There are 2 protein chains.
Amino acid sequence: MKAVVKPVSEVPATIYDVAERANVSPATVSRVLRGTQPVAPATEERVRKAVAALRFRPSRLGVALAERKHAANGIVFPDLSGPFYTEVVLGYEEMAAQRGRSVLILSTRDRADAAQAVLSLADRVDGMVLFGRTVSDDVVQEVAATGVPVVLLGRPEVPGTDVINTENERSACQLTRHLLDHGHRRVVYLGDPTASADAAGRWAGVSKALKEARRRRFIATCGADESAGRATAKELLRSRTRPDALVCFNDEVALGAMLAAEELGLRPGADVAITGWDDVMAARFARPALTTVRQPMRELGAQAAAALDERITGARAGLIHRVLPTEVLIRDSCGGHRT
Amino acid sequence: MKAVVKPVSEVPATIYDVAERANVSPATVSRVLRGTQPVAPATEERVRKAVAALRFRPSRLGVALAERKHAANGIVFPDLSGPFYTEVVLGYEEMAAQRGRSVLILSTRDRADAAQAVLSLADRVDGMVLFGRTVSDDVVQEVAATGVPVVLLGRPEVPGTDVINTENERSACQLTRHLLDHGHRRVVYLGDPTASADAAGRWAGVSKALKEARRRRFIATCGADESAGRATAKELLRSRTRPDALVCFNDEVALGAMLAAEELGLRPGADVAITGWDDVMAARFARPALTTVRQPMRELGAQAAAALDERITGARAGLIHRVLPTEVLIRDSCGGHRT
DNA sequence: TTGTACGCGTTATCAC
DNA sequence: GTGATAACGCGTACAA
């Protein structure tokens, strides 16, 4: 009778099995595998053969406990819809992987126990990135207090954390000036400055430009998604004092606003200027194409991962506070440049 | 002199510290915390107080080693651009979180060491989801052989794995029939059937409908992104035998094709029908709006997580092979229903 | 109901 | 250059 192929799920070999087979101590096996101390060539040879024969792979569990490190980073975001968070996560993962660290994700959307989840994530990683709109500063502090390095993205500083943001005020101001220069008179900002630091920064920029031009500063509190934008814009555009320019918190809101305009028989770009933020794919394909602001999303993620690494390895002691530049993209939705 | 607030990053307490303070054994502390065995109310009270006083939180490292479980799932995707992978990941994370498991992500894009990375991910998780277009079947087999449950998404079955797909052929066939019914004669599929099971399935559906109608079956091998779609479509639409319908592998390709048509002075929807797949946001906002096929993305992710859980906990022994339904969304890009 | 003692798989510190 | 051996922090049979 022919020998049956061994069921593949044998018990995985341990470092002891390897040691025994190679006639050395577990310590020596470890030394060979990690290259942490010189080992005699002949011994090394024996060890390597045993490792291969037994298909030995060090248990991450054991390694982690011994090193007291997870070799993993976390990232906490409110959602993943739209390219913004997605691209940041991608940049983050790529950089983390380059440095040999895994990435744990956590979405807080629709989650009552977000704080708990973040705290629990904190003890599975060596460091984590936290976006705005996820958990309160208390929780951030608590995490930082456990000794887990934290990098904040798109939110104001919390003591003991690194912060990386993208530029908001300046671009928003520039965008608004452009609108004013091209003859728009009644500019309204659609967003909620109390909801996030980004929303506040953008409003500050809009506000500044309007002030300079001695225009009234209008703001319509608005959620951050398409349906909120559509509803808010509809109301505004139906009012007697119809705005001729809508500066929206992001592209979703702006695209919703475009829909609202069309539904009211108004032509975006001609009858009402509309601008967004993020340069999502749909912004390019909408007609008219959406004027928006592009952020260096990948770069944001990559820098966050790098900053985390520096703190985890102890390469850096002080805290970072960085602001990445953004770029205004003028397209057709803000009017035909009717100077 | 007033006592200074203790520096927050003290050495975290261990279960032994708690035991000592509560005058019990570490075992009892464990019992209280895990609720695994009854403990006298008075004892429990003492333990809980000690836990609170010391701010004790069990080390995941210790727990994991003792339980020999990671309490974590992995998910491997080729990329995260576009809403497809993103939404699947989100559905996956949500379901995993509900079941108390963390999620590790791994992107294989632009990665020479993808196989290595996947193997290494395999020993940080209790199970993982693998998308098509990530690693070869060999690697999948290798992972499965280590005893880590694997669920495959959007790729053909590999022995020993669960598989969940979304329906391709039927919807593609339906879509193509619609085009034929509405007078389109020269239908070309833009995609690469050798690149993924999804691409192959969609081509099969298109092919079938064309065959039924005794039409010639045209296919133009094409990458899966916007620029590939644009280039391929441009070439096709410039040829003497210009197609009057382009069935594209996904929305990115289709949107690229729309761009190409416009650049050549052709009106998508009127001069040439164009269809996509995935129903990305831009599909709704393009003009004309893009006819496409919607997949239950969240559901796909959620089911994958559930399937994994069943295998990890041993609730299920056999393997699953499931196909989720998709929905054709007829919009303006495939012509004005000029029956 | 509670405690003892060992196992989990490595790494690292000493001796030799 | 190599081998014992002690952490690492927890879970859990087994015993009491």
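Keep in mind that this is a model prediction, so the values were computed, not measured. First the proteins, then the strands, lettered A, B, ... as listed; each starts at 1.
Note: CZ (A:R68) to C1' (D:dA6) measures 12 Å, nearest angstrom. When rounded to the nearest whole Å, the span between CG of A:N23 and P of D:dA4 equals 11 Å. Rounded to an integer number of Å, the gap from A:E20 CD to C:dG9 P is 15 Å. Atom C1' of nucleotide D:dG9 and atom CG of B:L65 are separated by 8 Å, given to the nearest angstrom. The distance from atom CD of B:E67 to atom P of D:dG11 is 7 Å, rounded to the nearest whole Å. In this structure, A:K69 places its NZ atom 17 Å from C1' of D:dA7, rounding to the nearest Å. Per the geometry, CG belonging to B:L54 stands 14 Å off P belonging to D:dG9, to the nearest Å. In this entry the distance linking NE2 of A:H70 with C1' of D:dG9 reads 12 Å, nearest Å.
Residue B:S30 is in base contact, counting any heavy-atom pair closer than 4.0 Å across all strands shown. A:D17 comes within 4.0 angstrom of nothing in the nucleic acid, heavy atoms only. Within the nucleic acid shown, B:L61 has no heavy atom closer than 4.0 Å to any nucleic acid atom. Contacts of A:R31 with the nucleic acid, taken as non-hydrogen atoms under 4.0 Å apart, include base atoms. The residue B:A27 sits close to a base: some heavy atom pair falls under 4.0 Å. Contacts of A:D123 with the nucleic acid, taken as non-hydrogen atoms under 4.0 Å apart, are absent. Contacts of A:T43 with the nucleic acid, taken as non-hydrogen atoms under 4.0 Å apart, involve only primed sugar atoms and P, OP1 or OP2.
A donor and an acceptor atom, one from each side chain of A:S102 and B:R124, are located under 3.5 Å apart.
Both A:A40 and B:F56 sit near DNA chain D, but only A:A40 has its closest nucleotide nearer the 5' end. Nearer the 5' end of DNA chain D, as judged by each residue's closest nucleotide, is the contact made by B:G62, out of B:P26 and B:G62.
Judged by distance alone, with hydrogens and angles left aside, the side-chain atoms of A:R31 form no donor-acceptor pair with the main-chain N or O of A:V39 at under 3.5 Å.
With respect to B:R34 and B:E67, a salt bridge is recorded, a charged nitrogen being found less than 4.0 Å from a carboxylate O. Checked for salt-bridge contact, A:D137 and A:R155 meet the test: a charged N lies under 4.0 Å from a carboxylate O. A:D79 and A:R109 are joined by a salt bridge, as a carboxylate oxygen and a charged side-chain nitrogen come within less than 4.0 angstrom of each other.
Across C:dT1, D:dC10, C:dG9, the shortest atom-to-atom separation from the side chain of B:S59 is found for D:dC10. If you check C:dT10, C:dT2, D:dA4 against the side chain of A:S25, the one that comes closest is D:dA4. The nucleotide whose nearest atom lies closest to any side-chain atom of B:A66 is, among D:dG1, C:dT2, D:dC10, D:dC10. Between C:dT11, C:dT10, D:dC8, one nucleotide has an atom nearer to the side chain of A:Y16 than all others, and that is C:dT10.
A donor-acceptor contact under 3.5 Å is not formed by the side chain of B:R57 with the base of D:dG9.
Each of A:R99, A:R101, A:R68, A:K69 was compared with A:D126 under the salt bridge (Lys or Arg N to Asp or Glu O under 4.0 Å) criterion, and only A:R101 meets it.
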